[in-house]
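Below is one structure, written out as structure tokens, with a few remarks after it.
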Amino acid sequence: MAGAGDLVIECQGLWKTFRKAWWNRAEIIALQDLNWQVYCQQRWLITGPNRAGKSTLLRILVSLLRPTRGKVYRFGKPSNIIGTLAQVGYLSENVELPAFWPVKSLLQYVAHLHGVCPAQVAVRVSQMLEEFALREYQNVRIGQLSRGLRQRVALATAFVHGPQLLILDDPTNALDDDGLKRLQLCLRRLAPSTTVILASHRRDLFQDWATHILALHNGRVTYSGPVSRWFVSELSGHSSPQELSPCLQ
Amino acid sequence: MSTVKTYRATIESTRLASSFRLLRGLCQALLASWRDCWYELFWVRTLWTVATLLAVTVCLSAQLSGPRVEKIEDELEIPESPGKLELLFGAVKITQFRDKSVTAAFLHSFLVRYALGPIGILLSLAGCSTLITGFLHSGMACLVLTSPANRWLTLLSRYISGILICALYAGLFTVATALALAWSLECWPAITFLGWGIYCCHLATFLGISILLGITGKHSTLVLAGTTLFWLICQLVNLTFWQAGFQNIESFRLSGLTVAYWLLPKPADLTMLLDLASGAYQHFSLWPELEWAWETGRLVAWASLISSIGVGLAAVTLAGHEFRSMELL
């Protein structure tokens with residue numbers, strides 16, 4: 001288990017490019033030379049406009065995408081070692097869950113996939129059903145749920161195995177006020193050792209909760225550092241990240 | 001000496017432990033993916049259920065009236081007068097010279113020949129075309145690929161689950177139709193499960209190709225069209241090979257066709273083996289080229305089976321390699 005001060009995520013010279021089409025050699029640059037370090041117990045908020053590269057970065061962190069150049073380390077190990085994913089909870093931007101599965105069975109399956117011991121699975125699943133107010137839908141198939149409820153189920157799948165690192169991509173998507181409150185409550189209730197990386201357009205909802213901010217624009221880092229310094233930079237109107245962010249050096 | 005022995009014993013135990021871990025991992029992956037595959041193959045299950053119900057109805061409605069068969073020396077049967085076989089409660093009437101036991105065997109082999117033969121295989125493959133693409137697009141892939149689950153085992157377990165589900169339904173079809181015939185004609189058609197085994201091998205071969213296409217193409221239509229086209233090409237090569245051999249043995253020995261025959265799966269051989277295994281050859285005519293190949297000993301059953309399944313397994317291995325480095329956009 002990672003302790004305070006331990007490196008949880010490290011990106012070194014990270015680049016990601018996509019081909020426009022398989023017959024077209026022209027490339028879209030999603031991330032450019034990203035250097036970033038996340039330490040244990042930090043709570044990062046990743047912000048930026050559309051096409052800034054937020055989701056691409058998060059997908060690389062959970063090995064759904066491979067970097068074009070550069071290296072990514074999870075818990076000190078290269079990201080291609082998938083064993084470290086046992087400690088990671090991930091919520092995708094466009095939540096698509098298997099429609100045929102009942103809620104409870106899916107949560108049990110995800111807990112099993114992440115290596116939760118069988119004795120603990122029932123306890124963890126029950127806890128998640130309670131925390132995300134899904135108890136009455138536990139035997140309902142996911143395809144029959146509304147979009148907001150599906151988002152809650154997806155959040156529960158990210159939390160169910162008690163991960164050390166939570167990576168949430170736009171978790172507020174489709175959530176109503178009650179869902180938002182529950183999410184915020186869940187984030188605050190997390191074990192202190194949990195590291196969280198959260199990408200959202202809704203900065204207002206999370207800037208009090210976050211300890212650090214990573215701002216992206218067109219795949220480049222425009223700010224990376226503590227929230228307090230971010231406010232200073234915003235107030236003073238600095239646009240150059242190098243002046244404020246030691247992480248970029 | 002004792003150090004070497006201890007060293008060897010340690011290596012052996014390590015190998016054993018790693019094999020055991022792999023087996024346990026596969027069993028766990030199989031259990032985990034079984035449920036998802038069960039849901040994913042809804043159309044295959046529906047298709048098989050409908051086919052089984054229809055076939056059972058046909059069998060239950062079978063009525064045989066009167067062919068008088070004279071037995072000579074306990075073996076030779078000479079039909080004296082024709083009887084009438086009525087199916088689907090009299091909707092279909094067939095003049096029949098066979099007695100009850102032979103009629104039961106004939107009906108059963110007829111049903112098995114079509115359900116477990118090329119038609120059944122192509123329909124099963126069509127139903128299984130969503131086995132991988134459905135997984136990739138349903139969100140399940142995102143859950144599995146962001147977990148520490150072994151990707152290769154995940155794919156292999158889906159492949160095995162697909163075969164097991166189809167095999168289960170094909171087995172039920174075989175048994176249910178035999179029971180229905182036993183009930184209506186009061187005569188057990190003496191089934192063997194060899195035909196069912198050949199269906200499983202045939203399916204395993206082309207499901208491997210289907211999975212490879214699913215991983216590389218990620219689209220059900222592409223998988224369906226690609227697998228069907230590949231099956232047709234293999235069938236064509238297979239038949240052309242035996243036809244060439246039937247007509248001219250010299251050109252048959254050394255040619256590109258021989259290489260293609262041995263490198264590709266052999267659906268025509270497998271269909272012929274199904275006919276032999278299910279007893280259909282007693283009632284239906286076989287392809288003359290294949291019959292010649294079988295009778296002259298050129299068609300070797302185990303070689304055809306192993307080389308066909310080998311292609312399927314090679315395709316799954318390749319798909320596993322591709323899946324390990326696959327990006328999920």
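A note on names: the letters A, B, ... follow the listed sequences, proteins ahead of strands, and every chain is numbered from 1.
Residues satisfying the side-chain hydrogen bond (donor to acceptor under 3.5 Å, both in side chains) criterion with Glu136(A), sequence neighbours excluded, are absent altogether.
With a 4.5 angstrom heavy-atom cutoff, Ile81(A) does not touch chain B via any of its atoms. Looking at Ala86(A), both its backbone and its side chain come within 4.5 Å of chain B, counting heavy atoms on both sides.
Each of Leu64(A), Leu97(A), Leu91(A) was scored for a side chain to side chain contact (heavy atoms under 4.5 Å, CB included) with Cys142(B), with one residue passing: Leu64(A).
No side-chain heavy atom of Leu145(B) sits under 4.5 Å from any side-chain heavy atom of Ile82(A).
Counting heavy-atom pairs closer than 4.5 Å to chain B, the top-ranked of the candidates Leu113(A), Val62(A), Ile167(A) is Leu113(A).
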No hydrogens needed, just list the donor-acceptor pairs between chain A and chain B under 3.5 Å.
residue	atom	partner	partner atom	Å
Lys16(A)	NZ	Glu327(B)	OE1	3.4
Lys16(A)	NZ	Glu327(B)	OE2	2.7
Arg59(A)	NH1	Leu328(B)	O	2.6
Ser63(A)	O	Arg151(B)	NH2	3.2
Leu64(A)	O	Leu328(B)	N	2.8
Arg66(A)	N	Glu327(B)	OE2	2.6
Arg66(A)	NE	Ser325(B)	O	3.0
Arg66(A)	NH2	Ser325(B)	O	2.7
Trp101(A)	NE1	Asp36(B)	OD1	2.8
Ser105(A)	OG	Arg35(B)	NH1	3.3
Ser105(A)	OG	Arg35(B)	NH2	3.2

